[in-house]
Undergrad: 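After the structure tokens below, expect a handful of questions from me.
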Amino acid sequence: MLIDIIAGARPNFMKIAPIAESIQHAQEKGYNIHYRLIHTGQHYDKNMSGNFFEELGIPEPDINLEAGSGSQAEQTAAIMIRYEKVLMGKKPDLLVVVGDVTSTMACSITAKKMNNIPVAHVEAGIRSGDLTMPEEINRMVTDCITDYFFTTSETANKNLKKAGIEDNRIFFVGNTMIDTLLKNMPKLKQPAIWATAFLSNKEYLVLTLHRPGNVDDAQNLKLLIETIVESSRNIPIIFPVHPRTNKWLQQLGITAANLYVTEPLSYLEFNYLVKHSKAVITDSGGITEETTVMNVPCITLRNSTERPETCTIGTNELIGTDPASIKPILNKLFENKWKRGTTPQLWDGRTAERIVDILLTMIV
Ligand code: UD1
């Protein structure tokens, strides 16, 4: 069995790492299962891509499509055209895609249209209901043509069943991103900013922002950051900046004595910072899962989430995108009234093993 595994953008790399590793383990046990790792090149900077491969021990991609940046349509088209050329050569028996980035959707469509190659979607079925997010469209389109749905939550299972997907195509396996987190917990690395910003345990905030809705309107971004600074009681705020956000930040020239803007951090450094922080303020989805597992308070600047379990049983609170909501929630944090989290079912570090066990039953 030959499997194409697609990795395109930063949040994909930690999700595919344990799958590739589990396939290798199966090979070592003598199973006839092989993979080609295909990097679409959606993210290409060393600190958005290369560092993750090195730190997580992911083998070099077999193929790099080098699709690069562009508008949603340009990026989707570039990935499809380049992956189709790959498929004109050797075809895999199965395509494995993860998450919700443009590469996930583009490669699924290409494989499905080309000889009906079966698609397995890891992290299938989650929905925010917010069609202004490109990720939501990627999730919906991918799941429409997915054959095997590997899910992280009961909510995802329910969403898929409601959409008419038969039970025997839904596999509730857990969360491969958490496999990577648990495996790497002992290796987390203190970043240089720890010393330069004089950080100490649980006495600083981590901030990440990259959603177009939050960062593409310069005045809104400015107001968000200024409000966070004003409400932070002067504890350090560490802000590793995504390239999309950096473009605006440079123009706005926002500075404050306790705001430390850095390049995107490596996986081991970023999660070290998160683990020891007082709280994280973010608009990411994946980070809300990691903070839940590490039991770190998380404040999400979004109106909806496709990961409701991070709020219902985890440490996450959704506060929307209105800067006026920031001060009250930070006051609650500083009064030490934050809820404690429970780890969601099957987020136990063994998800990739379960996925590969299921894939092995498909070998004829
Ligand atoms: C993408 C994903 C999002 C994910 C995020 C994490 C989609 C639709 N969105 O959004 O789900 O949470 O990645 O990072 O797939 N850029 C660089 N260097 C890079 C990569 C990008 O400078 O290595 C620049 C691009 O030129 C562009 C901007 O960053 O200006 C945005 O990149 P893009 O891949 O379009 O989407 P993200 O916002 O990163």
Side-chain angles (χ1 to χ4, degrees), residues 6-16 38-54 61 64-80 82-83 97-109 121-124 126-128 130-143 177 180 206-218 221 239-251 262-267 270-271 274 280 282-291 298 300-302 304-307 310:
I6 304 297
R10 184 170 60 177
N12 285 166
F13 306 135
M14 50 295 248
K15 294 175 192 170
I16 59 121
I38 305 199
H39 193 319
T40 64
Q42 179 180 342
H43 284 177
Y44 44 83
D45 286 349
K46 184 146 175 56
N47 59 18
M48 297 295 283
S49 172
N51 286 343
F52 289 79
F53 277 72
E54 278 168 28
N64 194 324
L65 303 179
E66 295 179 354
S69 296
S71 68
Q72 291 288 325
E74 284 166 344
Q75 231 173 20
T76 307
I79 296 166
M80 289 180 73
R82 289 160 190 234
Y83 185 45
V97 291
V98 299
D100 57 16
V101 303
T102 299
S103 305
T104 309
M105 176 189 74
C107 292
S108 304
I109 297 174
H121 183 199
V122 175
E123 200 187 274
I126 60 175
R127 296 286 182 273
S128 67
D130 178 357
L131 287 172
T132 65
M133 288 171 61
E135 292 83 357
E136 182 70 355
I137 299 174
N138 295 339
R139 290 181 197 115
M140 291 166 70
V141 173
T142 303
D143 282 346
M177 195 166 180
T180 296
V206 175
L207 172 64
T208 84
L209 291 172
H210 78 281
R211 297 250 165 245
N214 282 334
V215 306
D216 282 0
D217 173 341
L221 177 64
F239 186 13
V241 176
H242 184 279
R244 172 188 283 281
T245 316
N246 200 27
K247 227 170 35 191
W248 298 113
L249 219 54
Q250 297 289 334
Q251 290 174 20
T262 74
E263 294 266 296
L265 295 171
S266 76
Y267 181 84
F270 181 72
N271 281 297
V274 169
V280 175
T282 189
D283 58 6
S284 155
I287 292 173
T288 67
E289 297 181 339
E290 292 168 335
T291 46
C298 183
T300 297
L301 300 173
R302 284 176 52 191
S304 59
T305 176
E306 57 291 331
R307 295 161 163 95
T310 62

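Remember, it's 1-based here, ligands and their atoms both numbered in the order they're listed. Starting from 1, each residue takes its place in the sequence as its number.
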Undergrad: Under a 4.0 Å N-O cut-off, is there an ion pair linking Glu123 with Arg307?
TA: yes
Undergrad: Give me the residue, atom name and distance of the protein heavy atom closest to atom 18 (N) of ligand 1.
TA: Asp45 OD2, 2.9 Å
Undergrad: Is Arg302 paired with Asp283 through a side-chain N to carboxylate O contact shorter than 4.0 Å?
TA: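 Judged by the 4.0 Å cut-off on N to carboxylate O distance, Asp283 and Arg302 do not form a salt bridge.
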Undergrad: For atom 6 (C) of ligand 1, what is the nearest protein heavy atom, given as residue, atom name and distance?
TA: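 Here the nearest protein heavy atom works out to Pro11 CD, 3.5 Å.
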Undergrad: Hey, is ligand 1 close enough to Gln72 that some N/O pair sits below 3.5 Å?
TA: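 No.
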Undergrad: Under the criterion side chain to side chain contact (heavy atoms under 4.5 Å, CB included), which of Thr102, Val101, Asp100 is the partner of Thr104?
TA: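 Testing each of Thr102, Val101, Asp100 against Thr104, the sole residue satisfying side chain to side chain contact (heavy atoms under 4.5 Å, CB included) is Val101.
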Undergrad: Any idea how Phe52 and Tyr267 line up, ring-wise: parallel (<30°), tilted (30 to 60°), or perpendicular (>60°)?
TA: perpendicular
Undergrad: Got the closest protein heavy atom to atom 25 (C) of ligand 1, with its distance?
TA: Ser69 OG, 3.1 Å
Undergrad: Which label fits His242 and His43: parallel for a plane angle under 30°, tilted from 30 to 60°, or perpendicular past 60°?
TA: perpendicular
Undergrad: Under a 3.5 Å cutoff, is there a donor and acceptor pairing between the side chains of Ser49 and His39?
TA: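 Indeed, the side chains of Ser49 and His39 share at least one donor-acceptor pair under 3.5 Å.
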Undergrad: Would you kindly say whether Thr208 and Thr282 are connected by a side-chain donor-acceptor distance under 3.5 Å?
TA: yes
Undergrad: Taking only heavy atoms of Asn138, which atoms of ligand 1 are found under 4.0 Å from at least one of them?
TA: 8 (C)
Undergrad: Suppose we measure from atom 22 (O) of ligand 1 to each protein heavy atom; which comes out shortest, and what is that distance?
TA: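 Heavy-atom neighbour on the protein nearest atom 22 (O) of ligand 1: Pro243 CB, 3.3 Å.
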Undergrad: Considering only the protein, which heavy-atom contact is closest to atom 30 (O) of ligand 1, and what is its distance?
TA: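 Checking every protein heavy atom, the shortest distance to atom 30 (O) of ligand 1 gives Lys247 NZ, 4.1 Å.
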Undergrad: Asp100 heavy atoms, cut-off 4.0 Å: which ligand 1 atoms fall inside?
TA: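 Answer, ordered by atom number: 11 (O).
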Undergrad: Give a yes or no answer on whether the side chain of Asn214 reaches the backbone of Leu301 with a donor-acceptor pair at less than 3.5 Å.
TA: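 Yes.
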Undergrad: What protein heavy atom is closest to atom 34 (O) of ligand 1, reported as residue, atom name and distance in Å?
TA: His43 NE2, 3.2 Å
Undergrad: With heavy atoms only and a cut-off of under 4.0 Å, state how Met48 meets ligand 1: side chain, backbone, both or neither.
TA: side chain
Undergrad: Look at the side chain of Thr142 and the backbone N and O of Asn138, then say whether any donor-acceptor pair between them is shorter than 3.5 Å.
TA: yes
Undergrad: Among all protein heavy atoms, pick the one closest to atom 5 (C) of ligand 1 and tell me residue, atom and distance.
TA: His210 NE2, 3.7 Å
Undergrad: Starting at CG of Leu265, measure out to CZ of Phe270 and round the result to the nearest 0.5 Å.
TA: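 So the gap between those two atoms works out to 7.5 Å.
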Undergrad: Within the 4.0 Å heavy-atom shell around Val101, which atoms of ligand 1 are there?
TA: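 This gives 2 (C), 7 (C), 11 (O), 15 (O) as the contact atoms.
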Undergrad: List every atom of ligand 1 that sits less than 4.0 Å from any heavy atom of Gln75, numbering the atoms from 1 in the order shown and giving each element.
TA: 34 (O), 35 (O)
Undergrad: Output the list of atoms in ligand 1 that are nearer than 4.0 Å to some heavy atom of Arg10, sorted by atom number.
TA: 14 (O)
Undergrad: What protein heavy atom lies closest to atom 8 (C) of ligand 1? Include the residue and the distance to one decimal.
TA: Thr102 OG1, 3.1 Å
Undergrad: May I ask you to check if ligand 1 and Gln42 share an N or O to N or O distance below 3.5 Å?
TA: yes
Undergrad: Counting both backbone and side chain atoms, is some N or O of Glu135 under 3.5 Å from an N or O of ligand 1?
TA: yes
